[in-house]
Amino acid sequence: MRGFIYSMSGSGDRQSDQISIRYGKVKQLREQGIEPYGEKYAVTHSSAEVVGEFAALEGKIVSVAGRIMTRRGHGKAGFAHLQDEAGRVQIYIRVDRVGKDCYAVYQDLDIGDIIGVTGEVFKTRTGEETINVSSFRILAKALRPLPEKWHGLKDIDLRYRQRYLDLMVNPAALRTFMIRSKAIQAMREFLTADGFLEVETPVMHTVAGGATARPFITFHNTLSLDLYLRIATELHLKRLIVGGMEKVFEIGRIFRNEGISTNHNPEFTTVEIYQTNADYEDMMMLTENLISKVAEKVLGTLEISYQGQDLDLSPPWPRKALVQLVEEFTGVDFAGVPDDETARKVALERGLEIEGDEKKGEILFTFFEKFCEEKLWGPVFVKDYPVEVSPLAKRSLDDPALTDRFEVFLAGKEVANAFTELNDPLDQRGRFEEQAQKRAAGNEEAHMMDEDFITALEYGMPPTGGLGIGIDRVIMILTDSPSIRDVILFPTMRPKE
RNA sequence: GGGCCAUUAGCUCAGUAGGCAGAGCACCUGACUUUUAAUCAGGGUGUCCCAGGUUCGAAUCCUGGAUGGCUCACCA
């Protein structure tokens, strides 16, 4: 914007502003016949290779490309650090080696410019691996100054809005996203090696199901149809199980039109995994295996710390019934609560706001959320959730008010949700109808009736275990990030002005 | 949505009691052929987030707004 204004006003004018000075340098370079946005450079090594393989490279000629991050001039010679994805390497350039004209061009370069250099590898007096430049080329002139070299970019707003700057100057940011990438790769490898088939299902749904959440709505012109961005991948993946796929997973973005917080971003990534002839016990083992294997692969250890507190991911993880945890934390034994009426009374006694039509299971779940959840440092499996809050999970054999469902908590965060899948189409229809009633009563998060999914179940879905993992939250834990925005490259932000 | 806090140079930050807008890095001019937060000499480059108000005078006090952070609510 600013540069645009200056370029419109004529970059030849003497301007004090750093940006316009750099615009002037571009013009000057072109007048000298030097292209400030050059062709690709024939790179032979990365910065890290020059440093790490110095013994083998000493005295050899290498070509490296990168962004100038520091600069130290000494009259007829100069030092700078070039940064590429792998790290940084120092370059040394002297006028008697590259010639007067070439050196003059170097002296006009700025921090932030991207250049390619070729030269001999040597070590300076102070012992730093360095490239003694014999030639270089400008690959991209930077028109804007970089954030400060020592403190980096601290402004959280700018770090999210201009993530490229964050990545450029804050090594921890790049590390976080490299870990994220490796962790997802490790998950994929773990699952495919175990015989799971990776699939892709629609992002645009005619019925937004598979979770209790408000969807984003969009519109298809040709079909003249409201479509919802998916809030879960669940119902399509189970259709694939009906179709005969036995082990499937999908890693994908889902969208929920709800609040934003340090643990919630409107678009986030889940992996959902479905396996036939499995139940939630199998999914517990899969969960602890998967997450611990991923942690080991990307961090090399299972004993990590999150925000200053130790967290040991070594399996097996403890398993606790939800009703038991509620009793531990609140002293209320819901097994002894006979009906909805009594449950509501207990809720009021504990200061919970209720509408008046809540079922016992809903209140039990609310107790868990309010009084237990954030205190579960974990890792821990919380199991046996009330049927009222688990419309897609199969009822427990020994208690039809509960389901064979669990959630995983790490550092007080819910990171996974899994159950033995409900495969009885009659029961499923009843659950949807109950949800539809809640929707009609104004609960926008309640499930929509999904006739097409019921139809699929009517063809018969084998006994299946299903698991969903919130990848962003797992990455938060693995990278010790306090906010979900720290692990999402471009988190949702309100536009400036 | 409520509460609290923040917003000053490209970046990181000071700014006293309401009295000329500051530092470091970056940048500009000059010196310097192995430096590394290079050094030395000189230079301040600004819509103090925005709009009003109070005042002789506002970065500072008041009101409203914008954006962000934390938190509560809601949720996942």
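Everything quoted here is computed from the prediction, not taken from an experiment. Order of the sequence lines sets the chain letters (A, B, ...), proteins ahead of strands, with each chain counted from 1.
Here B:A38 presents its P atom at 20 Å from CZ of A:R94, a figure rounded to the nearest Å. Rounded to whole Å, atom C1' of B:A76 lies 11 Å from atom CZ of A:R405. At whole-Å resolution of the value, CZ in A:R159 and P in B:U12 are 11 Å apart. Atoms CZ (A:R144) and P (B:C25) sit 24 Å apart, rounded to a whole Å. Between A:I131 atom CD1 and B:U34 atom P there is a gap of 19 Å when expressed in whole angstrom units. Atom P of nucleotide B:U39 and atom CZ of A:F79 are separated by 14 Å, given to the nearest angstrom. A:K438 has its NZ atom 16 Å from the C1' atom of B:C74, to the nearest Å. In this entry the distance linking CG of A:L153 with C1' of B:G68 reads 14 Å, nearest Å.
As judged by a 4.0 angstrom heavy-atom cut-off over every strand, A:E258 is placed among the base-contacting residues. Across all strands shown, A:R473 has heavy atoms under 4.0 Å from base atoms, whether or not it also approaches the sugar-phosphate. In this structure, A:R72 reaches the bases: a heavy-atom distance under 4.0 Å links it to at least one base atom across the strands shown. Contacts of A:S261 with the nucleic acid, taken as non-hydrogen atoms under 4.0 Å apart, are absent. At a threshold of 4.0 angstrom between heavy atoms, the contacts of A:L158 are confined to the sugar-phosphate backbone, with no base atom among them. Among the protein residues, A:N265 comes within range of the nucleic acid bases, having at least one heavy atom under 4.0 Å from a base atom. Within the 4.0 angstrom heavy-atom criterion, base atoms lie near A:D96. Within 4.0 Å of A:G73, counting heavy atoms only, lies at least one base atom of the nucleic acid. Residue A:R485 is in sugar-phosphate contact alone, with no base atom involved, counting any heavy-atom pair closer than 4.0 Å across all strands shown.
Distances from the side chain of A:T212 to the nucleotides B:A76, B:U35, B:G10 place B:A76 closest. Across B:G68, B:A26, B:C27, the shortest atom-to-atom separation from the side chain of A:R161 is found for B:G68. Side-chain proximity of A:E148 to B:G10, B:U35, B:C13: nearest is B:G10. Distances were taken from every side-chain heavy atom of A:R494 (C-beta onward) to each of B:U67, B:U35, B:C27; the shortest belongs to B:U67. Of the candidates B:A26, B:A76, B:U33, the closest approach to any side-chain atom of A:Q18 belongs to B:A26. Distances from the side chain of A:I21 to the nucleotides B:G69, B:C28, B:A26 place B:C28 closest. Closest to the side chain of A:W150, out of B:C13, B:U34, B:A37, is B:A37. Candidate nucleotides B:U71, B:U33, B:U35 were compared by shortest atom distance to the side chain of A:K76, and B:U33 ranks first.
Only the C1' atoms considered, B:U7 is 11 Å distant from B:C50, to the nearest whole Å. Comparing the C1' positions of B:G44 and B:A9 gives a spacing of 8 Å, expressed to the nearest Å. Taking atom C1' in both B:A41 and B:C4, the straight-line distance is 48 Å, to the nearest Å. Nucleotides B:A17 and B:C72 place their P atoms 34 Å apart, quoted to the nearest Å. Look at the P atom in both B:G69 and B:C62: the space between them is 25 Å, to the nearest Å. For the C1' atom pair drawn from B:C40 and B:U47, the interatomic distance equals 36 Å after rounding to whole Å. If you take atom C1' in B:C48 and the same atom in B:U8, they sit 4 Å apart, rounded to whole Å. When the C1' atom is compared between B:U35 and B:C49, the two are found 41 Å apart, to the nearest whole Å.
In terms of position along RNA chain B, the nucleotide closest to A:S483 lies nearer the 5' end than the nucleotide closest to the other residue of the pair A:A211 and A:S483. Position along RNA chain B of the nearest nucleotide to A:T70 versus A:A77 favours A:A77 as the more 5'-ward residue.
A 3.5 Å limit on both hydrogen-bonding distances identifies no Watson-Crick or G-U partner for B:G57. In this structure, B:G46 forms no base pair with any nucleotide, since neither Watson-Crick nor G-U wobble geometry is met with both distances under 3.5 Å. Under the Watson-Crick and G-U wobble criteria, each requiring two contacts below 3.5 Å, nucleotide B:U29 is paired to B:A41. The pairing partner recorded for B:A51 is B:U63, the criterion being a Watson-Crick or G-U wobble arrangement whose two distances lie under 3.5 angstrom. In this structure, B:C4 forms a base pair with B:G69, meeting either the Watson-Crick or the G-U wobble geometry with both donor-acceptor distances under 3.5 Å.
A cation-pi geometry, defined here as NZ or CZ lying under 6.0 Å from the six-membered ring centre and within 45° of its normal, does not hold between A:R163 and A:F490.
A:K149 has no side-chain polar atom (N or O) that falls below the 4.0 Å cut-off from OP1 or OP2 of B:G10. For the OP1/OP2 pair of B:G69 and a distance below 4.0 Å, the side-chain nitrogens and oxygens of A:K154 include no atom meeting the criterion.
Considering A:T464, A:T420, A:V387 in turn, A:T420 is the only one that fulfils the side-chain contact (heavy atoms from CB on, under 4.5 Å) rule with A:K394. Among A:F334, A:F329, A:F409, the one residue that satisfies the ring-ring contact (aromatic ring centres under 6.0 Å, His included) test with A:F368 is A:F409.
Checked by distance alone, A:H264 brings a side-chain donor or acceptor within 3.5 Å of a matching partner on the base of B:C75.
A salt bridge is absent between A:R71 and A:D113: the closest approach of a Lys/Arg side-chain nitrogen to an acidic carboxylate oxygen does not fall below 4.0 angstrom. Between A:E328 and A:K375 there is no salt bridge, since no side-chain nitrogen of the basic residue lies less than 4.0 Å from a carboxylate oxygen of the acidic one. A:K60 has no carboxylate O lying under 4.0 Å from a charged side-chain N of A:E53, or vice versa, which leaves the two without a salt bridge.
Looking only at atom types and distance, the side chain of A:S63 has a donor-acceptor partner in the side chain of A:T118 under 3.5 Å away. For the residue pair A:R485 / A:N265, no side-chain donor-acceptor distance below 3.5 Å is found, with atom types taken as modelled.
Stacking annotation: A:F268 is stacked on the base of B:A76 (ring centroids less than 5.5 angstrom apart, interplanar angle below 30 degrees).
Side-chain contact between A:I471 and A:M187 is present, with at least one heavy-atom pair separated by less than 4.5 Å.
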